[in-house]
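Reviewing the structure listed below.
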Amino acid sequence: MAGVAWWKTAVIYQVYPRSFMDANGDGIGDLDGITAKIDYLVDTLGVDAIWVSPFNKSPMADFGYDVSDYTDVDPIFGDLDAFDRLVARCRESGLRLIVDWVPNHSSSEHPWFGESRSSRDNAKRDWYTWADPAPDGGPPNNWIAVFGGPAWQYDELTGQYYLHSFLASQPDLNWRNEGLKAAMLDTLRFWLDRGVDGFRMDVVHFAMKDPELRDNPVFDAPETLARSLGEYDKLVHLYDRGHPDIHPMLREVRAVLDQAEAGSGSAKYSVGEIHLLDWDEWASYYGASNDELHMPYNFAFVSGPWTAEWARNNVEELEAALPEGAWPNYVLSNHDEHRLVSRLGWDRSALAILMLLTLRGTPTLYYGDEIGMLQADIPPERQQDPWGRRVAELGRDGERTPMQWDASPEAGFTQPGVEPWLPIVDPDRLHNVAAQLGVAGSRLEFHRRLLALRKLSPALQLGDYQTIPDVPEHVFAYRRTFDDEVLSVFLNMGEGPVELDVSGTILLGTDPARVGAIESLRLQGLEGVIVR
Ligand code: GLC
Ligand code: CA
């Protein structure tokens with residue numbers, strides 16, 4: 001749509017590069033693999049942009065979220081030439097390319113950290129956060145790492161602790177240091193110059209913490225809740241992330257993107273991975289004048305009861321919290337959350353996808369959800385995720401298994417006879433692209449129809465959102481309006497049938513047979529439709 005930034009109307013698709021497509025037959029996905037599947041993404045599926053999880057040089061302690069060189073490609077994934085080929089292919093096909101940027105921490109194998117740890121007076125000492133031991137020799141404060149244990153690691157060589165909000169091999173960068181800041185902003189420029197359209201910014205609100213490193217308060221939770229809380233959630237994260245100085249920092253980040261946008265004449269985009277339950281605090285990351293992130297990810301739908309009331313409240317609360325001119329977004333799953341179909345069941349997950357692709361805002365799909373991939377139960381000896389190795393139930397391998405392209409033993413992900421880095425889990429061999437393409441009623445065809453409809457509908461892409469009131473208890477219904485195009489979406493989140501006084505034309509529904517003119521609307525349990 002002319003005059004509208006591409007990221008407002010785009011559907012984004014997240015590619016986990018280790019698991020999308022293996023071009024060189026080592027059992028691990030790579031950049032050339034993604035390049036080989038651009039036709040699938042653009043022509044078959046019909047998405048507009050991809051976000052590729054990290055492919056930077058990394059010792060892979062957290063599968064690329066531990067970067068040892070921000071401006072290079074890890075040999076597992078290819079090299080900068082392979083990256084350039086990917087950019088060229090995206091350009092050719094009009095697909096936008098978003099890359100992951102990990103600003104809060106590097107790998108402990110990053111040369112910057114090597115220098116920083118080498119002596120107390122090294123020029124890069126303050127590129128990370130170092131602090132003296134507490135009087136008893138223990139960690140400087142009570143902060144806990146997201147992955148468990150103290151957020152501090154003692155370093156013999158210089159007798160101080162360094163901060164790590166995640167693994168000890170992921171030391172936190174110190175954004176209060178001008179040299180570090182300049183170097184990190186340069187890494188953005190590097191990828192912008194190479195042709196990326198935007199960045200997904202990993203846990204970006206963690207980048208600023210209390211400069212005095214004060215203890216976090218202990219969460220005063222009711223007894224029953226307290227017992228179920230993990231170590232990390234037992235504290236209120238007042239001081240170890242989201243310090244108000246994050247806002248000026250994000251304005252500097254945004255300025256780099258704006259400059260590239262002005263220079264290239266093509267809109268640049270940033271989305272921050274910001275898990276916050278408080279809507280106003282969450283919305284503050286757009287910036288007071290829309291001058292920080294283009295959007296913080298809205299994770300309200302990655303967990304919850306999936307009742308009509310809950311869904312409606314989520315949407316209304318988000319719409320109400322948005323600052324003037326801010327653009328919403330929705331996401332159902334990603335590489336850190338259990339697979340959608342396994343979380344919600346088959347029918348409810350279809351309803352969720354119908355909702356995702358018809359609400360006002362930029363949707364992000366997770367690779368494999370379009371073919372209904374299931375959460376894999378990874379045997380302990382094959383667990384790869386550092387989190388899962390520490391606490392088995394927290395492991396994220398199950399949602400990161402290879403993309404299933406066909407029904408072969410390797411699912412078409414790698415060459416025949418090669419063992420993929422994580423097992424393929426497709427018990428009935430039906431959750432794959434080949435088995436679903438062109439098959440009416442398949443999950444893939446459902447996505448294709450929905451994406452095609454969305455692409456042709458200004459109301460779905462840009463229209464206003466309005467809740468439709470006075471509908472049966474288990475129905476979530478809303479209207480999307482743009483000029484004279486008015487579409488209504490009815491989602492029956494209950495298990496039983498409902499009757500609605502609605503007439504018009506069903507354009508598309510979770511049941512592929514349900515299209516055409518209606519005088520009244522009877523929805524089966526867990527059925528949803530779009531009506532014009
Ligand atoms: C984010 C990523 C996650 C990673 C963590 C540490 O939450 O999504 O995969 O482990 O940051 O970088
Ligand atoms: Ca490979």
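On a predicted model such as this, the values are computed, not experimentally measured, just so you know. Remember, it's 1-based here, ligands and their atoms both numbered in the order they're listed.
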Within ligand 1, which atoms have a heavy atom of [X] less than 4.0 Å away?
X: H105; answer: 6 (C), 12 (O)
X: F147; answer: 10 (O)
X: R396; answer: 3 (C), 4 (C), 9 (O), 10 (O)
X: R200; answer: 2 (C), 8 (O)

[X] backbone or side-chain N/O/S under 3.0 Å from the Ca ion (ligand 2):
X: I76; result: no
X: D32; result: no
X: N24; result: yes

Minimum-distance protein heavy atom relative to [atom]:
atom: atom 10 (O) of ligand 1; result: D62 OD2, 2.5 Å
atom: atom 8 (O) of ligand 1; result: D336 OD2, 2.5 Å
atom: atom 7 (O) of ligand 1; result: E273 OE2, 2.8 Å
atom: atom 2 (C) of ligand 1; result: D202 OD1, 3.0 Å

Any side-chain heavy-atom pair from [X] and [Y] closer than 4.5 angstrom?
X: W112; Y: L180; answer: yes
X: R125; Y: T158; answer: yes
X: Y285; Y: M201; answer: no
X: Y367; Y: K37; answer: no
X: P423; Y: I378; answer: yes
X: R18; Y: F55; answer: no

* Asked: Any side-chain donor paired with an acceptor under 3.5 Å for N104 and K209?
  -> yes

* **Side-chain H-bond candidate by donor/acceptor type, Y13 with E370, under 3.5 Å** =>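 Judged by distance alone, the side chains do pair up.
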
What part of [X], side chain from CB on, backbone N/CA/C/O, both or neither, has a heavy atom under 4.0 Å from ligand 1?
X: H275; value: neither
X: Y16; value: neither
X: M201; value: neither

* **Nearest option to atom 5 (C) of ligand 1, as decided by whichever heavy atom of W387, Y297, F166 sits closest** => F166

* To do: For the residue pair F113 and W130, categorise the inter-ring angle as parallel (less than 30°), tilted (30 to 60°) or perpendicular (more than 60°).
  => parallel

* Candidates H447, Q14, R339 - the one meeting side chain to side chain donor-acceptor pair (under 3.5 Å) with D369 -> R339

* **ligand 1 contact by R400, heavy-atom criterion under 4.0 angstrom** =>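 Within the 4.0 Å threshold, so yes.
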
* Can you name the N, O or S atom of D30 that is closest to the Ca ion (ligand 2)? -> OD2

* Any idea which N/O/S atom from D26 gets closest to the Ca ion (ligand 2)? -> OD1

* How many degrees, to 10°, between D22 OD1 and I28 O as seen from the Ca ion (ligand 2)? ->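 About 80° at the Ca ion (ligand 2).
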
* Asked: Is the distance between the ring centroids of Y232 and H237 less than 6.0 Å?
  -> yes

* To do: Identify whether the distance between the nearest side-chain nitrogen and carboxylate oxygen of R194 and D84 falls below 4.0 Å.
  => yes

